[in-house]
Amino acid sequence: MEKTTVLITGCSSGIGLGLAARLAADTARRFKVYATMRDLAKGERLLERLGGYCPDTLEVLQLDVTDPRSLAAAAQRVQGQQLDVLVCNAGVGLMGPLETCSDHAMKTVFDVNLFGAIRTIQAFLPAMKRRRAGRIIVSSSIGGLQGLPFNSVYCASKFALEGLCESLAIVLRPFNIHLTLVECGPVKTSFLANLQRPDPEELQDLDAETRGLYHRYLQHCQSLFCHTAQEVEDVLQAFLEAIGTPCPPLRCVTTQLFAPLSRLRLTSPDGCAFVQAMHDFVFGRGEAGGDQP
């Protein structure tokens, strides 16, 4: 049986690593996986998960989505293969009060989350169009559907990614290319630990109220990830369905945790009710946000 060829970005940890391992270890050997990552040294994690090299089902490639030359080299390596599924999973986070976000940090988030996805799609889309077949799966976020406090730049990058993919999906329909956004909530990965955040010194220049709200938001995040975060294996199901379903949806939300807030955005178009509800969800009702003495 002919294998389904899948290329995945961001495979050094988390969802990318889990998906690459799951497909490469498929007992029916239905997939050939190109697992890509910026730092090949981190590929050992993936190989350990699989118990060693799997040349028939897995190849680890270097790919930095912010480097056009790296992308071109990866595309050249895959050239001649029929790439059936492209998974744009590479992403970075940025958390903190907007006043503490540097130009460099903000540009990095957009360069990876938005322009990295664009570059990757551009590299592999022409061949899919020529074959008039293919699937593009993009790791998005609940933060691409609704604003999250102290994640304004990250949400902006994911909002932009949502707009990009929704627009592109319309054009790809006649080419029989399906595009799916997988919108994750909190997932038990190293994402929270690895995201960029302000140093304590940077917070000292903030007003006390914003500083207090930020500290409370961090406590909220810790509680959220501790009690409601999904396991990677649970989230992978959405990717597997997008790969295997004859007509996958444009959007797939992996958790219903934020569903009431999402519905509120639709039923209250002026946004006021959503802003109040999100504030209450994160900070509680009517509580002050300043530093405690």
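Residues: numbered from 1 along the sequence shown.
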- Item | CG-CZ distance between Asn113 and Phe159, expressed to the nearest 0.5 angstrom | 14.0 Å

- Path from Met106 to Leu206 over hydrophobic side-chain contacts below 4.5 Å: no

- Output field: ring centroids His220/Phe283 closer than 6.0 Å: no

- Item | Phe191-Tyr154 aromatic ring centre distance below 6.0 Å | yes

- Item | Heavy atoms from other residues, nucleotides or ligands near CZ of Arg69 exceed 12 (cutoff 6.0 Å) | no

- If you measure from CG on Leu23 to CZ on Arg29, what distance do you get to the nearest 0.5 Å? 13.5 Å

- Task: Compute both the distance and the angle, then confirm whether Arg265 meets the cation-pi test with Phe274: under 6.0 Å from the six-membered ring centre, within 45 degrees of the axis.
- Result: yes

- With sequence neighbours left out, what residues match Thr36 under side chain to side chain donor-acceptor pair (under 3.5 Å)? none

- Task: Considering non-hydrogen atoms only, spot the tightest contact between Asp270 and Ala273 and give its length.
- Result: OD1-N, 4.4 Å

- Are Ile121 and Phe175 linked, directly or through other ILVMFWY residues, by side chains that come within less than 4.5 angstrom of each other? yes

- Query: Any side-chain heavy atom of Leu94 within less than 4.5 Å of one from Cys101?
  - Reply: yes

- Message: If you compare all heavy atoms of Leu148 against all heavy atoms of Met278, which two are closest, and at what distance to 0.1 Å?
- Response: CD2-CE, 3.8 Å

- Query: Rounded to the nearest 0.5 Å, how far does OG1 of Thr5 lie from NZ of Lys32?
  - Reply: 7.5 Å

- Note on the structure: Rounding to 0.5 Å, atoms OG1 (Thr254) and CD1 (Ile142) come to a distance of 6.5 Å

- Let me see the working for Arg49 and Arg22 under side-chain contact (heavy atoms from CB on, under 4.5 Å), right down to the final yes or no. CA-CA 10 Å; Arg49 178 81 69 88; Arg22 181 77 171 268; over 6 Å; no

- Message: With a 4.5 Å cut-off on side-chain heavy atoms, are Leu145 and Arg251 touching?
- Response: yes

- Is Phe115 linked to Leu164 within one hydrophobic cluster, defined over Ile, Leu, Val, Met, Phe, Trp and Tyr using a side-chain heavy-atom separation of less than 4.5 Å? yes

- Query: What heavy-atom pair brings Leu63 and Ala74 nearest, and what distance separates the two atoms?
  - Reply: CD1-CB, 3.5 Å

- Taking every non-hydrogen atom, the tightest pair across Glu59 and Leu61: OE2-CD2, 3.6 Å

- Output, in order, the C-alpha distance, side-chain angles, deciding distance and verdict of side-chain contact (heavy atoms from CB on, under 4.5 Å) for Asp280 and Gln276. CA-CA 6 Å; Asp280 293 346; Gln276 183 66 56; 3.0 Å; yes

- Which is it for Lys3 and Val33 under the side-chain contact (heavy atoms from CB on, under 4.5 Å) test, yes or no, and what are the steps along the way? CA-CA 10 Å; Lys3 285 183 170 64; Val33 181; over 6 Å; no

- Query: With Gln196, which residues qualify under side chain to side chain donor-acceptor pair (under 3.5 Å), at least two apart?
  - Reply: none

- Message: With a sphere of 6.0 Å drawn around CZ of Arg197, does it hold more than 12 non-hydrogen atoms of other residues, nucleotides or ligands?
- Response: yes

- Item | Arg119/Asp64 ion pair, N-O < 4.0 Å | no

- Can you list the residues that meet the salt bridge (charged side-chain N to carboxylate O under 4.0 Å, His left out) rule with Lys158, with sequence neighbours excluded? none

- Query: Are any side-chain N or O atoms of Arg132 and backbone N or O atoms of Pro174, one a donor and one an acceptor, separated by less than 3.5 Å?
  - Reply: yes

- Message: To the closest 0.5 Å, what do you measure between CE (Met37) and OG (Ser13)?
- Response: 9.0 Å

- Stepwise side-chain hydrogen bond (donor to acceptor under 3.5 Å, both in side chains) test for Gln76 and Gln79: CA-CA 5 Å; Gln76 180 68 29; Gln79 193 174 35; 3.1 Å; yes

- Query: Can you tell if the side chain of Pro260 reaches within under 4.5 Å of the side chain of Arg263, non-hydrogen atoms only?
  - Reply: yes

- Message: Whether the side chain of Asp39 engages the backbone of Ala41 through a donor-acceptor N/O pair (distance < 3.5 Å, no angle test) should be reported.
- Response: yes

- Message: Would you say that Thr210 contacts Phe150 through its side chain, given a criterion of any heavy-atom pair below 4.5 Å between the two side chains?
- Response: yes

- Query: Do Ile177 and Leu161 belong to the same hydrophobic cluster, where Ile, Leu, Val, Met, Phe, Trp and Tyr are linked whenever their side-chain heavy atoms lie under 4.5 Å apart, directly or via other members?
  - Reply: yes

- Under 4.5 Å between any side-chain heavy atoms of Leu19 and Leu240, yes or no? yes

- Query: Is there a donor-acceptor contact under 3.5 Å from the side chain of Arg38 to the main chain of Ala90?
  - Reply: no

- Query: For the residue pair Ser139 and Phe239, what are the closest heavy atoms and their distance?
  - Reply: OG-CZ, 3.3 Å

- Does any N or O in the side chain of Asn89 come within less than 3.5 Å of the main-chain N or O of Thr9, such that one atom is a donor and the other an acceptor? yes

- Give a yes or no on this: more than 12 heavy atoms of other residues, nucleotides or ligands lie within 6.0 Å of atom CZ of Arg173. no

- Between Leu86 and Val182, is there a shared hydrophobic cluster once you connect ILVMFWY residues whose side-chain heavy atoms come closer than 4.5 Å? no

- Task: Compare all side-chain heavy atoms of Ser70 with those of Gln62 and state whether any distance is below 4.5 angstrom.
- Result: yes

- Provide the closest heavy-atom pair for Ile137 versus Ala242 in the form atom of the first, atom of the second, distance. CD1-CB, 3.7 Å

- Task: Ignoring hydrogens and angles, tell me if any N or O in the side chain of Ser167 forms a donor-acceptor pair with the backbone of Gly163 under 3.5 Å.
- Result: yes

- Message: To the nearest 0.5 Å, what is the distance between OG1 on Thr189 and CD on Glu231?
- Response: 11.0 Å

- Checking side chain to side chain contact (heavy atoms under 4.5 Å, CB included) against Ile136, which of Thr120, Val85, Leu172, Thr180 comes through? Leu172

- With side-chain contact (heavy atoms from CB on, under 4.5 Å) as the test, would you mind laying out the steps for Leu47 and Leu58 before giving the verdict? CA-CA 9 Å; Leu47 296 177; Leu58 176 72; 4.1 Å; yes

- Item | Main-chain N/O of Leu264 paired with Ser268 side-chain donor or acceptor, under 3.5 Å | no

- Message: Do Tyr34 and Gln81 make a side-chain contact, defined as non-hydrogen atoms from C-beta onward lying under 4.5 Å apart?
- Response: yes

- Message: As a test of understanding, state which of Ser157, Ser141, Ser140 forms a side chain to side chain donor-acceptor pair (under 3.5 Å) with Glu162.
- Response: Ser140

- Message: If you define the side chain from C-beta out and look only at heavy atoms, does anything of Thr245 sit under 4.5 Å from His178?
- Response: no

